[in-house]
Amino acid sequence: MAQKATFNGLGSELGNLYRLSDAQTRSISPENFTGAKGKGGMATEGTGKNASRDLGQGWKVSPSVIIKAGQSITVAEITGSGAIQHIWMTPTGLWRFAILRMYWDDEKEPSVEVPVGDFFGQGWGQVAMLNSIPVVVNPGSSFNSYWLMPFRKKCRITMENIDEKDMVLYYQIDYTLTDVPNDAAYFHAQFRRQNPTQYKVPYTILDGVKGRGHYVGTYMAWGVNSNDWWGEGEIKFYMDGDKQWPTINGTGTEDYFLGSYNFENKKTKQYQEYTTPYVGLHQVIRPDGLYQANTRFGMYRWHIPDPVRFQQDLRITIQALGWRYNGRYLPLQDDVASTAFWYQMEPHAPFPKLPSKDDLETK
C-alpha cells in the first residue's frame with residue numbers, strides 16, 4: 001500500500017536525494033509566466049515571435065522580456081506555501097541600474113532589495129566567474145542563485161529598470177509548492193554603498209536588524225583609491241545588545257574572506273584570485289594605464305557551515321584601513337559596496353533608502 005511521503009522536499013542534497021516527497025515542482029519563465037502546470041510554451045506573442053514565424057506556437061516564441069526604461073515588472077508571483085530553490089538570470093544593460101526585489105507573504109516592503117549584479121557577486125558591471133554553493137556565475141553572463149527562500153502564503157519578485165535605456169531579461173525561477181516548517185525563517189538581502197568611505201568611520205555592512213535569525217553571507221565590491229595594501233581593516237559583528245564592543249571581531253579584511261597576507265601570490269607578486277564553495281576573491285580588475293585607473297576587487301564569504309546566529313539584533317561593520325609610510329595604520333577613503341544576506345523571522349526593520357542613480361553607478 002502506498003504511503004504518503006513525509007519529506008517536504010526542502011533542503012535536497014546528496015545525502016537525502018533518494019527520499020520521495022509530495023512537493024510539487026514548478027518553474028516560472030517568459031514561456032510560463034505563472035508557473036502553472038501544463039501551461040509552458042503556449043505563447044503566441046513575445047520577443048521570439050519573428051524568429052519563430054515559420055514554426056509557430058511552441059517554438060521559442062517568448063524566451064525573454066523587455067523591461068522599458070524607468071519601468072518595473074513582476075518576474076514571479078506565487079500563491080501558496082513553498083520555497084524558491086533556484087534562480088537563473090541573464091540581464092542586459094548596466095547591472096547597478098536593475099534593482100531586484102523580493103517580497104514574502106503579504107509584506108509591503110521588500111525583504112530583498114539589491115542591484116542585480118551585486119546580488120550575484122558582479123558589482124563592477126564586468127563578468128567574473130564565480131563557483132560557490134549558493135551563487136554561480138557562468139559564461140557569458142549567466143547568474144545563478146541556489147539560496148533557499150521559503151514562503152508561507154505568497155512570493156513576489158520584481159525587477160526595476162532605472163536606466164534610460166530598455167533592458168532585456170532572460171530568467172527562470174524554479175520553486176516547489178510544499179509545507180514549510182514552523183522554524184523556517186525568511187531570506188533577506190540588503191545593499192549599501194559609500195564612495196568614498198568616511199575618514200576614521202567604519203563602513204556599515206548591516207544595521208538595524210531586529211528579531212531572531214542568522215547571518216549567512218557577505219559580498220563586497222571594493223575599489224581602492226590609494227596605493228599599497230588596503231585590507232588591514234577588521235570586521236565586527238555586534239549582536240544581541242552589544243554596544244561599544246562586538247562579540248565577533250575579525251583580524252583583517254583578507255582574513256575574513258579566508259585569504260591571508262594581502263591575497264598575494266608570493267611567486268608572481270600579484271593578487272591571486274580564487275573561487276571556492278564558501279569563500280572567494282573571484283574578481284580583480286587591474287589598472288590598464290589609460291582609463292582603468294584603480295584596482296577593484298570582488299569578494300564573497302558564505303556562512304553556510306557557520307551561520308552567525310542572533311536572538312535580538314545584529315549590526316556589522318568593517319574598517320577601510322591601510323598603511324602610512326612609517327608603520328602606522330592609515331584610515332582609507334575607498335569605494336565600498338556590500339550586499340548582506342541573512343534569514344530572520346518577519347517583520348523585518350525598514351531598509352535604508354537605496355543610493356541615488358548617480359551614486360549607484362560605477363565609474
Side-chain angles (χ1 to χ4, degrees), residues 96 99-116 118-119 121 123 134 147 149-152 155-158 160 183-222 233-250 253 256 299-303 306-320 334-357 359-360:
R96 277 277 171 88
I99 311 301
L100 182 65
R101 295 183 175 91
M102 302 182 190
Y103 304 78
W104 311 126
D105 297 348
D106 297 319
E107 64 182 358
K108 304 301 182 184
E109 299 298 325
S111 289
V112 172
E113 186 176 49
V114 183
V116 69
D118 293 83
F119 186 84
W147 293 111
M149 307 175 189
F151 49 90
R152 291 179 170 86
C155 159
R156 183 164 62 95
I157 301 175
T158 68
E160 181 184 9
D183 62 356
Y186 293 90
F187 180 79
H188 292 71
Q190 183 184 114
F191 173 84
R192 294 176 181 238
R193 185 192 191 190
Q194 285 187 2
N195 183 25
T197 52
Q198 294 178 268
Y199 184 66
K200 290 187 179 181
V201 178
Y203 173 86
T204 296
I205 294 174
L206 189 62
D207 194 8
V209 174
K210 304 293 182 184
R212 183 184 181 192
H214 44 276
Y215 188 79
V216 295
T218 310
Y219 163 70
M220 302 198 78
W222 196 304
E234 297 178 334
I235 193 168
K236 302 177 190 293
F237 290 76
Y238 300 81
M239 62 185 74
D240 299 336
D242 290 344
K243 300 301 181 184
Q244 183 177 0
W245 308 111
T247 295
I248 299 174
N249 200 123
T253 303
Y256 172 67
M299 307 167 284
Y300 64 92
R301 177 168 178 179
W302 311 134
H303 295 269
D306 57 340
V308 179
R309 302 191 185 277
F310 56 93
Q311 305 299 320
Q312 302 171 24
D313 54 71
L314 180 67
R315 177 167 63 96
I316 306 171
T317 66
I318 193 168
Q319 300 158 337
D334 284 344
D335 179 356
V336 178
S338 61
T339 302
F341 301 83
W342 77 99
Y343 289 89
Q344 72 163 94
M345 290 298 188
E346 296 291 356
H348 65 265
F351 284 15
K353 186 178 179 180
L354 281 178
S356 69
K357 182 180 175 182
D359 290 332
L360 283 170

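Scope of the values below: all heavy atoms of this structure, side chains included, with no hydrogens, waters or symmetry mates.
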Original post:
Closest heavy-atom contact between Pro110 and Tyr103?
Top reply: N-CE2, 3.4 Å
Subject >> Centroid-centroid distance, Phe237 to His214, less than 6.0 Å >> reply: no
Subject >> Heavy-atom neighbours of Arg152 CZ exceed 12 at 6.0 Å >> reply: yes
Original post:
Does some side-chain heavy atom of Leu360 sit less than 4.5 Å from a side-chain heavy atom of Ile99?
Top reply: yes
**OP:** Return yes if some donor-acceptor pair links the side-chain N/O of Asp313 with the main-chain N/O of Asp240 below 3.5 Å, else return no.
**Re:** yes
**OP:** Fit a plane to each ring of Phe341 and Phe187, take the angle between them on a 0 to 90° scale, and name the class: parallel (under 30°), tilted (30 to 60°) or perpendicular (over 60°).
**Re:** tilted
**OP:** To the nearest 0.5 Å, tell me how far Met149 CE sits from Met102 CE.
**Re:** 4.0 Å
**OP:** Any chance you could measure Arg309, atom CZ, to Leu314, atom CG, to the nearest 0.5 Å?
**Re:** 13.0 Å
Original post:
Considering only heavy atoms from C-beta outward, does the side chain of Asp105 approach that of Tyr186 to under 4.5 Å?
Top reply: yes
**OP:** Mind listing the closest non-hydrogen atom pair of Pro202 and Thr317 along with its distance?
**Re:** CB-CB, 4.0 Å
Subject >> Check: Leu206 and Trp342 side chains under 4.5 Å, non-hydrogen atoms >> reply: yes
**OP:** Answer whether the closest heavy-atom distance between the side chains of Cys155 and Trp104 falls below 4.5 Å.
**Re:** yes
**OP:** Can you establish whether the number of heavy atoms outside Glu109 located under 6.0 Å from its atom CD is more than 12?
**Re:** no
**OP:** Assess the side chains of Ser111 and Gln344: does a donor N or O sit below 3.5 Å from an acceptor N or O?
**Re:** no
Original post:
Hey, what's the ring geometry for Tyr256 with His303, parallel, tilted or perpendicular (30° and 60° as the breaks)?
Top reply: tilted
**OP:** Would you sort out whether Tyr203 and Asp334 count as a side chain to side chain donor-acceptor pair (under 3.5 Å), showing the intermediate values?
**Re:** CA-CA 10 Å; Tyr203 173 86; Asp334 284 344; over 6 Å; no
Original post:
When you check the gap from the basic side-chain N to the acidic O, do Arg301 and Asp306 get nearer than 4.0 Å?
Top reply: yes
Subject >> side chain to side chain contact (heavy atoms under 4.5 Å, CB included) partner of Arg192, the single match among Ile205, Val336, Leu354, Thr204 >> reply: Thr204
**OP:** Before giving the answer on side-chain contact (heavy atoms from CB on, under 4.5 Å), spell out for Glu346 and His188 the whole-Å C-alpha distance, their side-chain angles and the decisive distance to 0.1 Å.
**Re:** CA-CA 10 Å; Glu346 296 291 356; His188 292 71; 2.9 Å; yes
Original post:
Distance-only, no hydrogens or angles: does the Asn249 side chain make a donor-acceptor pair with backbone N or O of Lys236 under 3.5 Å?
Top reply: no
Original post:
Does any N or O in the side chain of Thr339 come within less than 3.5 Å of the main-chain N or O of Phe119, such that one atom is a donor and the other an acceptor?
Top reply: no
**OP:** List in chain and number order the residues that pass side-chain hydrogen bond (donor to acceptor under 3.5 Å, both in side chains) with Tyr219, two or more places apart in sequence or in another chain; answer none if no residue qualifies.
**Re:** none
Subject >> Minimum-distance pair of heavy atoms, taken over all atoms of Gly217 and Trp302 >> reply: CA-CE3, 3.7 Å
Original post:
Does Asp359 have any side-chain hydrogen bond (donor to acceptor under 3.5 Å, both in side chains) partners at least two apart in sequence or in another chain, and if so, which?
Top reply: Ser356
Subject >> Approximate separation, where rounding is to 0.5 Å, of Arg96 CZ and Lys357 NZ >> reply: 14.5 Å
**OP:** Kindly indicate whether the side chain of Tyr215, heavy atoms from C-beta on, has any atom under 4.5 Å from the side chain of Ile248.
**Re:** no
Original post:
Between atom OH of Tyr238 and atom OG1 of Thr247, what is the distance when rounded to the nearest 0.5 Å?
Top reply: 10.0 Å
Original post:
Is it true that atom NZ of Lys200 has more than 12 heavy atoms of other residues, nucleotides or ligands lying nearer than 6.0 Å?
Top reply: no
Subject >> Shortest non-hydrogen separation from Asp118 to Gly123 and the atoms involved >> reply: OD2-CA, 3.4 Å
Subject >> Worked verdict on Gln190 versus His348 for side-chain contact (heavy atoms from CB on, under 4.5 Å) >> reply: CA-CA 12 Å; Gln190 183 184 114; His348 65 265; over 6 Å; no
Original post:
Distance from Met239 atom CE to Gln311 atom CD, nearest 0.5 Å?
Top reply: 10.0 Å
Original post:
Shortest non-hydrogen contact from Arg315 to Lys243?
Top reply: NH2-O, 3.3 Å
Subject >> N/O donor-acceptor pair under 3.5 Å between Gln319 side chain and Glu234 backbone >> reply: yes
Subject >> CH2-CG distance between Trp222 and Asp335, expressed to the nearest 0.5 angstrom >> reply: 10.5 Å
**OP:** Of all the heavy-atom pairs spanning Ala184 and Pro150, show the shortest one and how long it is.
**Re:** CB-CG, 4.3 Å
